[in-house]
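By convention in this document, chain letters (A, B, ...) are assigned in the order of the sequence lines, proteins followed by strands, and residues within each chain are numbered from 1.
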Protein chains: 2
Amino acid sequence: MKTDIERRSWTQNPEAVKQDILSVAISEFAAAGLSGARVDTIASRTRTSKRMIYYYFGDKLGLYTRALEAAYLKVREGEAALNLDHLPPREALTRLVAFTFEHHRQNPDFIRMVMIENIHNAEHLASSQVIRDMNIAAIDKLAAICRRGQEIGVFRDGLDPVALHWQISAASFFNVSNRPTFSAIFGAELFEEDAQERIRQQTVDSILAVAELRPLSSSE
Amino acid sequence: MKTDIERRSWTQNPEAVKQDILSVAISEFAAAGLSGARVDTIASRTRTSKRMIYYYFGDKLGLYTRALEAAYLKVREGEAALNLDHLPPREALTRLVAFTFEHHRQNPDFIRMVMIENIHNAEHLASSQVIRDMNIAAIDKLAAICRRGQEIGVFRDGLDPVALHWQISAASFFNVSNRPTFSAIFGAELFEEDAQERIRQQTVDSILAVAELRPLSSSE
DNA sequence: TCAAAAATGTTCTATTCGGTACATTTGGTC
DNA sequence: GACCAAATGTACCGAATAGAACATTTTTGA
């Protein structure tokens, strides 16, 4: 039994409350999707109440949009730490691909948020200038590597950094996004540690192959 | 005004009704996801009523599972039409990759069903032996090409057909699944027809590069 | 020909869920 | 130290939604 006099006291902490909500929201939306996620569930896993979700984020969609942005922010921060300027171009590209591959593996919630956003035709991402800027920065980094490689004659001319980024993303993203169906159909072996190293190497190889100044059989 | 005596007459057609429901269900689930799709919406786009959905499929999950299966069936049928046995291995692999790339582009609903199933950790796919069998067949086809290529010495030893299939799928799948976010961030140019041809060629090149018996720079 | 089974239509309901109304506390500021 | 805005808590509501109940028609087969 509680005492008659209820203690409803707290200390105000807007930033902490917002962050708490956002981090719970990311994991909930990532787990269940936009329509699958329940505001009540998110609220219950928070240190605060549903009231505050609506207070700070307006409605479910507002929360989702901010969670998506937060997920991008967190993951791009990790990428920004990578500095490849001092490496020769081929080595830099190798490192970039391997890093991206691993980084995606380590951020499944981010991958799932992007999957969900794609299901919704990127309607909520479209309005976020923040996200666009972050990604343009990622391309700039890759473009610099390409240019250096072309200057010293190890990369072919006419390389398209965006197309290269597409390919790096495709492998790294698919490896996480489609793991459930792929395992269900072909078994989980490909996702064990040693097999993942092979796959990662295969990815690096295939991307270097299109970047490097060497004959490709299909161009014959 | 209607007459007092309502005419509620119909002709029975179970198969047509089931098919009608399934095809509507595929497009609805593909568009809105498992929890986002509304049974009432599906029903309203059908020539029949909600009653029949529950009559034939039990509940929403039952409908979803059958729709997923139907989506796989349809797409794998398209693939089965492709016969590459008469082609030399390198040519066969080239055709297989290019075909897969285009086939995925032309079946966005299937891609979206698989995306959604991945969001749900492939829980519903896991129980379907049908789907597993279809996909194993797809691998067998690829494995045959690999073997022939190794026999005549144009493909490297130790090729893993599943790993190769992983790579082909990654590019072809990502190209459709992540088009919304990718376009939102980097612009839609990459998805215009001529750019898609370049991307497809790049995909073919990169896969041939890992399959062929040639030195890869990273192995030096 | 008629009874039983299969197929279909119509209407209603329990519940879940996003969102709101109302009440209270905290903290800054003059 | 009193007032006010910001921050938080509690209890509630209306709409949407999956599914069930009830009713009718069609088909089959003995």
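Neither side chain, Thr41(B) nor Glu28(B), offers a donor N or O lying under 3.5 Å from an acceptor on the other. Side-chain N/O atoms of Asn135(A) and Arg76(A) include a donor and acceptor closer than 3.5 Å. For the 3.5 Å distance criterion, the side chains of Thr181(A) and Asn118(B) qualify, holding a donor opposite an acceptor.
Residues Glu15(B) and Lys18(B) are paired through a salt bridge, judged by an N-O separation under 4.0 Å between the basic side chain and the carboxylate.
Contacts between residues 54-71 of chain B and DNA chain C, defined by a heavy-atom separation below 4.0 Å, involve Tyr55(B), Tyr56(B), listed by number. Heavy-atom distances under 4.0 Å link DNA chain C to Val39(A), Asp40(A), Lys50(A), Arg51(A) of residues 39-51 of chain A, given in residue order.
Between Asp194(B) atom CG and Ile199(B) atom CD1 the span is 11.0 Å, to the nearest 0.5 Å.
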Practice prompt. I would like to know whether Asp160(A) and Gln202(B) meet side chain to side chain donor-acceptor pair (under 3.5 Å); could you show each step before the answer?
Written response: CA-CA 11 Å; Asp160(A) 176 4; Gln202(B) 174 178 325; over 6 Å; no

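Looking at every heavy atom in both residues, Ile26(A) comes nearest to Ala71(A) through CD1-N, 3.9 Å.
Heavy atoms of Ala16(A) sit nowhere under 4.0 angstrom from any nucleic acid atom.
With rounding to whole Å, Asn13(B) atom CG is found 17 Å from dA6(C) atom P. Look at CE on Met52(B): it is 13 Å from C1' on dT10(C), rounded to the nearest Å. Ile53(B) places its CD1 atom 11 Å from the P atom of dG19(D), with the value rounded to the nearest Å. For Asp20(B) and dA7(C), the CG to C1' distance is 15 Å, given to the nearest whole Å. Atom-to-atom, CD1 of Ile21(B) to C1' of dT8(C) comes out at 11 Å; the value is rounded to the nearest Å.
Residue Arg38(B) places at least one side-chain N or O closer than 4.0 Å to OP1 or OP2 of dA18(D).
Less than 6.0 angstrom separates the ring centroid of Phe29(A) from the ring centroid of Tyr64(A).
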